[in-house]
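What follows is a single structure, written as structure tokens, with notes after it.
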2 protein chains.
Amino acid sequence: MLSTGKGSISLYMQIRDMLVSKVGKGEWLPGSIIPSEVNLAQELGVSQGTVRKAITELVESNVLTRRQGRGTFVSMHNIDRALFHFFHISDNKGHKVLPDSNVLQCRRKPATRIESSKLHLEAGTSVIRIERMRRISDKPTMVETITLPADLFADLVEGGGYELPNTLYELYEQRYGITIHSADEQLRAIAASKHDAKILNLEAGTPLLEIERVALTLDRTPVELRVSRCSTRNHHYHNTIF
Amino acid sequence: MLSTGKGSISLYMQIRDMLVSKVGKGEWLPGSIIPSEVNLAQELGVSQGTVRKAITELVESNVLTRRQGRGTFVSMHNIDRALFHFFHISDNKGHKVLPDSNVLQCRRKPATRIESSKLHLEAGTSVIRIERMRRISDKPTMVETITLPADLFADLVEGGGYELPNTLYELYEQRYGITIHSADEQLRAIAASKHDAKILNLEAGTPLLEIERVALTLDRTPVELRVSRCSTRNHHYHNTIF
DNA sequence: GTCAAGTAGTCTTATATAAGACCTGAAAAT
DNA sequence: ATTTTCAGGTCTTATATAAGACTACTTGAC
């Protein structure tokens with residue numbers, strides 16, 4: 001079961017990877033409690049400290065969440081995580097406010113070359129494309145285009161009786177069992193197109209901050225491409241380097 | 001010496017903070033080796049594991065660097081760290097190249113209101129202001145304005161016989177004993193001024209990515225304000241969210 | 001209802017063993 | 001005589017185990 005031979009990775013790493021796969025394949029669902037450190041240790045025939053070290057790494061990478069006296073849980077997407085972890089726009093006083101959003105379009109289309117390349121899809125695969133406008137404190141601030149592989153989010157485009165919520169990652173998790181775990185972002189300055197300008201109520205050509213994000217699951221499969229074009233008149237993108 | 005009373009922070013935290021202060025006040029210099037875990041444990045009257053936990057946190061926050069079989073060292077600014085940790089511009093294939101730089105100006109001036117606010121200085125304090133142009137693969141790409149408190153970097157403006165190197169953080173560390181440890185960045189899209197346009201060889205009004213960085217020491221004292229305006233025609237700012 | 005004891009979980013510290021890096025000196029090769 | 005190679009010793013960090021302390025919730029007595 002557990003390899004201990006020469007050249008193998010260490011015990012705690014094997015345990016860590018096993019825990020990851022339990023979460024990854026949905027055996028343990030987001031929000032649910034996992035067995036206690038002592039239980040896992042007994043079951044796997046190792047000491048508590050070893051299990052603990054494995055869990056510690058997963059807590060650091062946000063896969064699990066510990067609560068002293070309660071237990072260890074599979075991390076969930078709640079509004080706080082969306083806000084503090086994945087949303088990087090602040091106002092010029094440094095305060096974060098989650099914008100509300102207005103869906104402008106939601107269509108099923110063949111993927112463009114860029115979309116299929118970023119999402120690792122075959123050329124021409126069906127994707128769902130959502131366009132929305134986001135307001136921060138009632139001012140139109142961002143235009144967002146979100147692309148999803150249609151096979152993973154099959155019934156989304158028909159909008160099966162529910163409205164698109166403000167924080168999509170919660171929806172992906174609860175309704176499609178897909179947990180966004182990390183993301184890669186590329187930022188550029190671009191000129192507002194006429195289309196952007198109209199939606200954001202400013203002049204074409206105004207410089208906008210374009211954020212192109214590829215969101216990944218635990219096993220680093222890309223599942224969402226999101227291009228946001230933001231007016232940075234009253235806001236900015238914030239990043240802390242440790 | 002070490003507090004163990006009720007309500008106190010834990011042992012390993014006290015040790016961690018003590019180690020930080022040794023680095024912070026220059027008792028242990030960047031690049032030098034620190035006493036071994038066993039030595040420290042003996043000296044402090046705790047076990048190796050406790051010292052180890054303290055050190056682990058500092059390794060994770062990049063204050064210390066471990067090398068198995070060698071020892072633990074105070075982290076240094078080398079070109080790799082500058083490149084991978086503090087420099088976030090990549091070309092559109094995702095490759096990072098450190099730009100070279102051309103100093104355009106280096107003057108001692110009174111701080112503007114923005115500068116004194118961002119650097120926590122009294123209004124009107126003397127600062128050193130450096131303007132430089134940076135090329136990536138021979139193409140002018142960024143205009144940078146760097147502001148430093150004059151008292152900390154006294155002889156820099158006269159350029160005491162040395163050229164400004166490409167990677168300034170190495171200079172701050174080696175010549176002024178100031179180690180940059182973290183940074184806060186704000187990103188915006190702006191229109192190129194005539195001055196920027198001339199230097200970067202493009203048209204005024206072109207959208208540029210403006211990065212405003214405040215660099216901090218270990219104890220979070222701000223010591224550098226750096227405003228970079230980048231053409232994002234061939235490059236972008238890259239950020240990974242874990 | 002309130003409070004106290006019990007229980008099940010994580011947190012902290014301590015100790016032992018393993019594995020990696022480097023140095024030194026003797027033996028072997030040139 | 002000089003250089004190279006190799007083995008052992010010693011110092012380092014890395015990993016694993018164990019035990020007591022702390023915390024949050026539950027249950028039962030009053």
Side-chain angles (χ1 to χ4, degrees), chain A residues 1-20 22-23 28-76, chain B residues 1-20 22-23 28 31-76:
Chain A
M1 174 112 178
L2 292 179
S3 136
T4 54
K6 185 101 181 176
S8 72
I9 57 176
S10 61
L11 249 187
Y12 86 90
M13 290 178 181
Q14 297 175 49
I15 292 171
R16 178 198 57 194
D17 293 348
M18 169 193 308
L19 300 182
V20 166
K22 292 233 188 203
V23 175
W28 291 343
L29 294 174
S32 64
I33 192 169
I34 73 170
S36 77
E37 295 180 352
V38 182
N39 277 177
L40 282 171
Q42 252 168 16
E43 201 172 305
L44 300 170
V46 301
S47 80
Q48 185 227 359
T50 305
V51 171
R52 185 169 178 74
K53 178 149 188 181
I55 291 178
T56 298
E57 289 204 354
L58 297 179
V59 169
E60 276 163 8
S61 62
N62 253 310
V63 177
L64 300 177
T65 304
R66 278 206 256 245
R67 291 189 230 164
Q68 184 167 2
R70 305 264 324 264
T72 302
F73 301 79
V74 180
S75 295
M76 249 178 35
Chain B
M1 174 112 182
L2 292 179
S3 136
T4 54
K6 187 102 180 178
S8 70
I9 57 175
S10 61
L11 247 188
Y12 86 91
M13 289 178 180
Q14 298 175 48
I15 292 171
R16 178 198 59 194
D17 293 347
M18 169 193 309
L19 300 182
V20 166
K22 291 232 186 205
V23 174
W28 291 342
S32 65
I33 192 169
I34 73 169
S36 77
E37 295 181 351
V38 182
N39 275 180
L40 282 171
Q42 249 169 19
E43 200 172 306
L44 300 171
V46 299
S47 83
Q48 186 219 1
T50 305
V51 172
R52 187 167 178 72
K53 180 150 188 183
I55 291 178
T56 297
E57 290 204 355
L58 298 178
V59 168
E60 276 163 9
S61 62
N62 253 310
V63 178
L64 300 176
T65 304
R66 277 207 255 246
R67 291 188 229 166
Q68 184 170 4
R70 304 265 324 266
T72 302
F73 303 79
V74 180
S75 295
M76 248 180 29

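The basis for the numbers below is simple: all heavy atoms, side chains too, and nothing from hydrogens, waters or symmetry mates. Chain A is the first sequence line, chain B the second, and so forth, proteins listed ahead of strands; every chain is numbered from 1.
A residue-by-residue look at B:Gly69 and A:Arg70 shows that B:Gly69 has its nearest nucleotide of DNA chain D further toward the 5' end.
Annotation: side chain of B:Thr56 is in contact with side chain of B:Arg66 (closest heavy-atom distance under 4.5 Å).
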*Please test A:Val23 against A:Leu19 for side-chain contact (heavy atoms from CB on, under 4.5 Å), starting from the C-alpha separation and ending with a verdict.*
CA-CA 6 Å; A:Val23 175; A:Leu19 300 182; 5.8 Å; no
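Distance check: B:Lys53 NZ to B:Glu37 CD gives 14.0 Å after rounding to the nearest 0.5 Å. From A:Arg16, atom CZ reaches atom CD1 of A:Ile55 across 13.0 Å, with rounding to the nearest 0.5 Å. Rounding to the nearest 0.5 Å gives a distance of 10.5 Å between CG of B:Asn39 and CG of B:Leu44.
When rounded to the nearest whole Å, the span between CE of B:Met13 and C1' of D:dC22 equals 13 Å. Spacing between atom CG of B:Leu40 and atom P of D:dC11 amounts to 16 Å, rounded to whole angstrom units. Atom C1' of nucleotide D:dC11 and atom CD of B:Gln42 are separated by 13 Å, given to the nearest angstrom. Rounded to an integer number of Å, the gap from B:Gln68 CD to C:dG20 P is 6 Å.
Contact check of residues 49-67 of chain B against DNA chain D (heavy atom, cut-off under 4.0 Å) returns B:Arg52, B:Arg66, B:Arg67.
Counting only heavy atoms from C-beta on, A:Leu11 has its side chain closest to D:dA16 among D:dT23, C:dA14, D:dA16. The side chain of A:Gln48 has D:dA19 as its nearest neighbour among D:dT15, D:dT17, D:dA19. The side chain of A:Tyr12 approaches D:dA16 more closely than any other nucleotide in the set C:dC11, D:dA16, D:dT13.
Contact annotation: B:Thr72 side-chain N/O to D:dT13 OP1/OP2 distance is under 4.0 Å. Between D:dT12 and B:Ser36, a contact under 4.0 Å exists linking OP1 or OP2 to a side-chain N or O.
In terms of polar N and O atoms assigned as donor or acceptor, the side chain of A:Glu37 never comes within less than 3.5 Å of the base of C:dA8 in a complementary pairing.
With A:Val74 as the partner, the side chain to side chain contact (heavy atoms under 4.5 Å, CB included) test is satisfied by one option alone out of A:Leu64, A:Ile33, A:Thr65: A:Leu64.
For the residue pair A:Arg52 / A:Ser47, no side-chain donor-acceptor distance below 3.5 Å is found, with atom types taken as modelled.
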